[in-house]
Trainee: 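First, the structure itself, so that you have it in front of you.
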Amino acid sequence: MTSTDVQPTAGTGGLDVERIRKDFPILARELPGGRPLVYLDSANSSQKPVQVIDTMREHLMSHYGNVGRALHALGSESTEAYESARDKIAAFVGAPSREEVIFTKNASEAINLVAYAFGNPTNTDERFRLGPGDEIVISEMEHHSNIVPWQLLAQRTGATLRWFPVTDEGRLDITGLDELVNERTRIVSIVHQSNVLGTVNSVSPILARAREVGALMMLDASQSVPHQAVDVRELGVDFLAFTGHKMVGPSGIGVLWGRRELLDAMPPFLGGGEMIEAVWMDRSTYAPVPHKFEAGTPPIVEAIGLGAAVDYLTSVGMDQVKRHERALTAYALDALAEIPGLRIIGPRGVVARGGTVSFVLDGIHPHDVGQILDDVYGIAVRVGHHCARPLHLRFGIPATTRTSFYLYNTTDEIDALVRGLHHVQKVFG
Amino acid sequence: MTSTDVQPTAGTGGLDVERIRKDFPILARELPGGRPLVYLDSANSSQKPVQVIDTMREHLMSHYGNVGRALHALGSESTEAYESARDKIAAFVGAPSREEVIFTKNASEAINLVAYAFGNPTNTDERFRLGPGDEIVISEMEHHSNIVPWQLLAQRTGATLRWFPVTDEGRLDITGLDELVNERTRIVSIVHQSNVLGTVNSVSPILARAREVGALMMLDASQSVPHQAVDVRELGVDFLAFTGHKMVGPSGIGVLWGRRELLDAMPPFLGGGEMIEAVWMDRSTYAPVPHKFEAGTPPIVEAIGLGAAVDYLTSVGMDQVKRHERALTAYALDALAEIPGLRIIGPRGVVARGGTVSFVLDGIHPHDVGQILDDVYGIAVRVGHHCARPLHLRFGIPATTRTSFYLYNTTDEIDALVRGLHHVQKVFG
Amino acid sequence: MIAESMYQELILEHYKRPQGRGLREPYDAEVHHVNPTCGDEVTLRVKLADGGKVQDVSYDGQGCSISQAAASVLHDLATGSTVEESLAVVDEFTRLMQGRGQVEADEDVLGDAVAFAGVAKFPARVKCALLAWMAYKDAVLRSQEAM
Amino acid sequence: MIAESMYQELILEHYKRPQGRGLREPYDAEVHHVNPTCGDEVTLRVKLADGGKVQDVSYDGQGCSISQAAASVLHDLATGSTVEESLAVVDEFTRLMQGRGQVEADEDVLGDAVAFAGVAKFPARVKCALLAWMAYKDAVLRSQEAM
Ligand SMILES: Cc1ncc(COP(=O)(O)O)c(C=O)c1O
Ligand SMILES: Cc1ncc(COP(=O)(O)O)c(C=O)c1O
């Protein structure tokens with residue numbers, strides 16, 4: 001099989017995958033030893049279409065200047081491109097206002113930004129007060145980026161970290177919701193779509209309870225915004241974090257969306273140029289959001305690239321993307337179920353789950369699975385705990401093999417994976 | 001004058017500027033209205049050579065994968081490129097160990113990272129203890145990015161912020177050194193080269209005093225690393241911050257260098273994927289540096305681009321760059337001195353100063369100067385307080401016009417500036 | 001030569017020969033507005049008269065040609081008109097300035113202030129043009145409260 | 001087919017039929033090492049004998065084929081040799097593993113362990129290969145302290 005043999009296949013919802021694949025030059029690449037590339041690791045990081053790559057290149061070649069600070073032609077062109085990327089991203093997630101879109105370097109920074117707003121001794125807003133006796137609620141299926149910032153916060157402030165357990169099927173167990181989220185809870189931060197299980201969590205029951213007790217709610221949407229239409233007004237949460245590199249955008253750029261009144265009430269996080277209104281040696285006043293949270297020279301070209309990524313996804317259509325991935329996921333779940341000794345960790349059906357499927361093979365360590373798949377077939381999957389070690393501890397396994405799909409994947413690639421897994425079993429059988 | 005008329009000129013130290021300019025495609029650009037571009041705003045952000053742009057593009061086209069986490073071919077290629085960029089940057093600033101080079105999103109994040117290490121209640125290392133009675137020392141010539149993080153720290157912890165004044169000539173006034181840096185001082189953070197005055201500060205007397213009293217010392221090298229050979233061992237300080245976009249590298253990437261033993265002793269800053277060793281729901285252990293401070297997916301392609309930038313600068317030779325800029329600065333200081341009503345803010349000679357010259361024109365507001373220069377001649381300078389408002393307050397002026405030079409500038413461009421300033425005086429005279 | 005479209009002759013005229021500059025008595029309200037990012041400042045006084053008229057707008061300040069000329073033009077337009085008319089001009093001027101160069105100016109309403117149309121294309125300068133005008137709106141409000 | 005160079009027949013053999021696996025008595029020291037990033041674990045015991053000899057290396061653990069095979073090969077090489085010899089092998093093995101595939105292996109010193117040369121090209125797997133070997137070094141040190 002060569003990569004050009006990879007064809008779009010019936011049953012994937014009408015996306016012209018062949019045309020889409022042509023936009024992603026890397027997919028046609030041959031790996032050392034003449035292996036074709038079968039890229040099934042988009043939950044880790046997605047590939048980038050030439051439209052994104054060329055937008056960035058073109059900006060660097062002809063329009064680059066620092067943003068905000070410069071009056072000259074290049075500065076204006078860069079500022080306009082950077083701020084119009086903000087408009088695009090605001091529209092993409094249905095933000096009521098463009099000022100609510102804050103550029104960070106990745107989703108992790110976005111979550112840390114919110115965590116650092118709590119328990120700051122200089123803060124005067126009741127909603128961000130945090131100390132001993134107060135509680136933070138996360139879940140057992142979180143990515144480390146939605147665990148460690150809250151652990152650090154709890155350690156700094158003396159607050160208590162609590163979490164939702166996960167069921168054997170890989171769903172959030174909210175049977176204890178009313179006890180877990182209570183009058184002491186200040187913030188609930190939950191993943192929207194799990195990067196291991198594929199589970200898409202239902203937000204509304206948790207949000208309703210958070211509202212009841214006056215807690216804020218944040219969603220880690222790193223794995224949902226790339227794969228389905230997300231509308232912050234519909235979701236109704238207070239904060240949303242996501243990351244450029246998983247949504248056909250560049251590295252070095254992430255987004256925090258937050259409600260304007262909350263962002264206004266939060267203390268500054270990073271201090272520096274561009275986030276100020278006026279500075280004296282002994283005190284400063286701060287710029288209105290989003291700039292208050294964008295200290296220093298931002299990832300200018302990266303934000304512009306993310307704007308192009310959002311244009312690309314919009315032109316394909318997020319509903320189309322979702323439908324395509326759902327078809328691939330159904331196909332993969334069926335095909336993997338037939339491999340003897342293979343156990344899927346996470347929901348076995350396509351309801352309320354995305355195109356990320358993790359599994360273990362009896363008696364074969366995921367590292368060996370991943371390496372043989374890559375070495376022999378050029379199949380890129382991720383192996384390990386996928387930055388979700390507590391979730392793996394929950395299932396009593398050190399690691400899983402994870403395959404994840406995006407708009408450019410095909411059922412032929414899933415077939416290649418299945419063939420590869422059979423070979424792995426032969427080698428280590 | 002068209003941009004192709006801009007020739008390297010004698011007296012600029014033997015750099016083949018004409019060849020260098022060909023590497024920077026944007027310099028050949030025509031602005032709207034047929035204006036050539038005269039880019040004299042590199043202290044704000046530098047332009048990028050095609051070598052950097054193409055390295056990034058090539059990586060995105062053919063080698064991109066997430067770093068650290070992936071075993072597969074693309075993941076390995078990306079990790080290797082990313083980590084080899086770290087090697088290059090370590091070598092570029094003479095870091096004793098590559099693990100001391102931490103990638104951030106910009107210089108501002110690097111400074112905030114160090115500031116947040118102080119006064120953290122979870123920290124047990126004496127050197128990073130900070131509270132009421134303790135003092136932080138900066139200077140009046142700092143960029144906001146080396147002021148606001150320390151103000152915020154002082155506010156959070158109750159420590160006192162103090163600063164070196166600036167002389168009328170735009171030099172650091174260290175006559176009060178022994179009183180200012182004293183037993184209560186925990187950290188001294190000073191700019192290496194001022195982004196307004198051009199002043200290059202002498203580090204050793206301040207460092208000697210800091211050592212005497214047991215304080216740590218940080219240098220904001222955002223404006224020095226791009227323009228002269230910097231060696232952290234020679235400097236002898238504890239921390240050094242700089243930023244990619246000012247040194248012919250991409251946006252979205254900065255660097256913190258720090259002494260290994262200090263970095264090891266510091267508490268984590270941002271929590272998330274990649275900065276951990278092991279995570280349980282209620283606690284975590286952290287990866288060794290540099291990863292401890294690189295939470296989440298880092299600016300992968302940006303770091304790789306910065307590696308290419310460092311290669312580019314090294315191939316030209318930092319001593320050559322410095323000599324060229326010194327010649328341009330001497331030429332500019334002479335030429336500007338002849339303009340009636342023009343007052344230079346900063347050293348009038350080339351000793352211990354870099355290629356950044358700020359000035360005021362009698363009775364004409366810098367905004368008007370900058371706009372006419374740009375609109376009529378395509379000359380890009382920066383106007384305003386250049387993120388150094390306290391310094392401008394010190395000189396009793398709201399703003400200055402700043403011209404700044406880099407390896408691709410020519411004396412012809414300085415001539416164009418002088419002609420432009422004469423025209424400005426005619427318009428507003 | 002894009003500048004020609006921003007630095008209209010009229011703006012340069014008002015900058016070099018500002019109308020009504022200086023702080024005068026009597027006044028109903030005085031305000032001080034600052035644009036912290038560029039340091040432009042204006043102190044502005046308003047004196048209202050009977051019949052909803054604006055008797056005097058006096059001001060002092062420092063800043064770029066745009067901010068100084070805008071204050072001068074404001075003085076000319078507001079002094080002697082009714083509060084209501086003048087606030088309509090402020091609104092139209094604000095709309096024009098914030099239109100990113102996409103908004104068609106209503107010359108009948110704006111009068112001389114239409115000369116600033118070109119400024120709207122330079123987001124960084126819009127604040128300069130608006131400084132005195134926002135101060136005026138603020139001062140009128142306070143004057144009315146004081147009455 | 002790069003894999004062939006890493007998954008040597010000898011490695012697969014040791015993985016499928018590990019030598020000396022299981023924890024045995026008597027022992028002078030027991031250590032437990034974990035590779036937190038991938039969850040690989042090994043518990044390892046060392047029993048030293050007179051004349052600087054290694055009497056037994058017994059172990060149990062879980063992990064990938066590389067980590068398991070490396071423990072098995074270690075058992076074969078260390079048991080019955082002198083402490084000094086075995087530590088020399090550990091050093092050479094470590095040098096090879098950390099050489100990013102650029103280091104020439106000394107087959108005379110390494111014996112069967114030379115089969116792991118291909119692993120050095122995969123930085124992510126180097127820790128797997130070294131896990132049991134580092135545990136062994138640690139256990140020997142503790143045994144000597146205990147004596
Ligand atoms: C002296 C100095 N320090 C710090 C910075 C901040 O760098 P960055 O904007 O990349 O964070 C700059 C430039 O903006 C600077 O000139
Ligand atoms: C669910 C989830 N949250 C957060 C992150 C962190 O994103 P980043 O690495 O871009 O900070 C990731 C991906 O790494 C993720 O999958």
Side-chain angles (χ1 to χ4, degrees), chain A residues 25-26 29 31 41 44-45 48 53 57 60-62 64 66 69-74 105-109 112 121-122 140 143-145 147-149 151-152 155-156 163 245 250-252 270-273 276 279-281 284 295-297 299-302 370-371 374 380 382-383 387 389-390, chain B residues 25-26 29 31 41 44-45 48 53 57 60-62 64-66 69-74 105-109 112 121-122 143-145 147-149 151-152 155-156 163 245 250-252 270-273 276 279-281 284 295-297 299-302 370-371 374 380 382-383 387 389-390:
Chain A
I26 204 170
R29 197 194 137 179
L31 300 176
D41 194 22
N44 191 357
S45 200
K48 330 297 177 197
I53 301 172
R57 176 189 168 82
L60 288 168
M61 297 282 278
S62 309
Y64 179 83
N66 209 334
R69 318 164 164 195
L71 287 178
H72 52 65
L74 296 179
K105 70 172 168 178
N106 54 25
S108 303
E109 187 194 346
N112 279 277
T122 66
E140 218 176 355
H143 187 280
H144 294 162
S145 292
I147 299 177
V148 184
Q151 288 180 345
L152 293 172
Q155 286 161 16
R156 283 195 306 272
W163 51 89
H245 67 95
S251 55
L270 304 180
I276 56 93
V279 177
W280 297 262
M281 283 312 291
S284 298
T297 302
I300 300 169
V301 182
E302 293 63 34
Q371 189 120 26
D374 176 56
R382 188 168 168 197
V383 295
C387 298
R389 191 168 174 272
Chain B
I26 204 169
R29 197 194 137 178
L31 300 176
D41 194 22
N44 190 358
S45 198
K48 330 296 177 196
I53 300 171
R57 176 190 168 83
L60 288 167
M61 297 283 277
S62 310
Y64 179 82
N66 209 333
R69 318 163 164 196
L71 287 177
H72 51 65
L74 296 179
K105 70 173 170 178
N106 53 27
S108 302
E109 187 194 348
N112 279 277
T122 67
H143 188 278
H144 294 161
S145 292
I147 299 177
V148 183
Q151 288 180 344
L152 293 172
Q155 287 161 14
R156 283 195 306 273
W163 51 88
H245 67 93
S251 55
L270 304 180
I276 56 92
V279 177
W280 297 263
M281 283 310 292
S284 297
T297 302
I300 300 169
V301 182
E302 293 64 33
Q371 188 120 25
D374 176 57
R382 188 168 168 197
V383 295
C387 298
R389 191 168 174 274

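Side-chain atoms are counted along with the backbone in the values below, which use heavy atoms only and exclude waters and symmetry mates. Quick caveat, the model's predicted, so the values are computed rather than measured. Order of the sequence lines fixes the chain letters, A, B, ..., with proteins taken first and strands second; residue numbering starts at 1 for each chain.
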Trainee: Heavy-atom pairs under 4.5 Å with chain B are the metric here; pick the option from A/Ala295, A/Ser251, A/Pro299, A/Ala380 that has the most.
Mentor: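 It is A/Ser251.
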Trainee: Could you tell me which non-hydrogen atom of A/Gly273 sits nearest to which non-hydrogen atom of B/His144, and how far apart they are?
Mentor: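 Heavy atoms only, the tightest pair is N-CB, 4.0 Å.
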Trainee: If you count heavy-atom pairs under 4.5 Å between each of B/Met61, B/Lys48, B/Gln155 and chain A, which one has the most?
Mentor: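 Most heavy-atom pairs within the cutoff with chain A belong to B/Met61.
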Trainee: Given a strict heavy-atom distance threshold of 4.5 Å, which part of A/Ile147 is in contact with chain B: side chain, backbone, both, or neither?
Mentor: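 Side chain only.
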Trainee: For each of B/Gly252, B/Pro121, B/Pro25, B/Ser62, tally heavy-atom pairs with chain A at distances under 4.5 Å, and name the one with the top tally.
Mentor: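 The option with the most such pairs is B/Ser62.
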Trainee: Which pair of heavy atoms, one from A/Pro149 and one from B/Gly272, lies closest together, and at what distance?
Mentor: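 For A/Pro149 versus B/Gly272, the nearest heavy atoms are CD-N, 4.4 Å.
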Trainee: Mind checking the CG-CD1 spacing from B/Asn106 to A/Ile300? Nearest 0.5 Å is all I need.
Mentor: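 Those atoms lie 10.0 Å apart.
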Trainee: So which atom in A/Gly271 and which in B/Ser108 form the shortest heavy-atom distance, rounded to 0.1 Å?
Mentor: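 Heavy-atom minimum between the residues: O-CB, 4.3 Å.
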Trainee: To the nearest 0.5 angstrom, please state how far the NE2 atom of B/His72 sits from the CG atom of A/Leu31.
Mentor: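 Those atoms lie 10.0 Å apart.
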Trainee: Residues two or more places apart in sequence or in another chain: which of them pass salt bridge (charged side-chain N to carboxylate O under 4.0 Å, His left out) with A/Arg57?
Mentor: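 Partners of A/Arg57 under the salt bridge (charged side-chain N to carboxylate O under 4.0 Å, His left out) test: B/Asp54.
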Trainee: Got A/Asp374 and B/Leu71 here, is their nearest side-chain heavy-atom distance under 4.5 Å?
Mentor: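 No, side chains not in contact.
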Trainee: For A/Ser45, what residues pass the side chain to side chain donor-acceptor pair (under 3.5 Å) criterion, not counting sequence neighbours?
Mentor: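 Checked A/Ser45 against side chain to side chain donor-acceptor pair (under 3.5 Å); matches are A/His245, B/Tyr64.
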Trainee: Taking side chain as everything from C-beta outward and backbone as N, CA, C, O, which of these in A/Thr122 sits under 4.5 Å from a heavy atom of chain B? Side chain, backbone, both or neither.
Mentor: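 Only the side chain of A/Thr122 comes within 4.5 Å of chain B.
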Trainee: Are side-chain heavy atoms of B/Gln151 and A/Val279 found at a separation under 4.5 Å?
Mentor: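 Contact flag for B/Gln151/A/Val279 side chains = yes.
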Trainee: Out of A/Glu140, A/Arg156, A/Glu109, A/Met281, return the one with the most heavy atom pairs under 4.5 angstrom to chain B.
Mentor: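 The candidate making the most pairs under 4.5 Å is A/Met281.
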Trainee: Ignoring hydrogens, what is the shortest heavy-atom contact between B/Leu152 and A/Leu270? Give both atom names and the distance.
Mentor: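 Looks like CD1-C, 4.5 Å.
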Trainee: Less than 4.5 Å apart, side chain to side chain, heavy atoms only: is that true for B/Leu74 and A/Ile26?
Mentor: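 B/Leu74 reaches A/Ile26 side chain to side chain.
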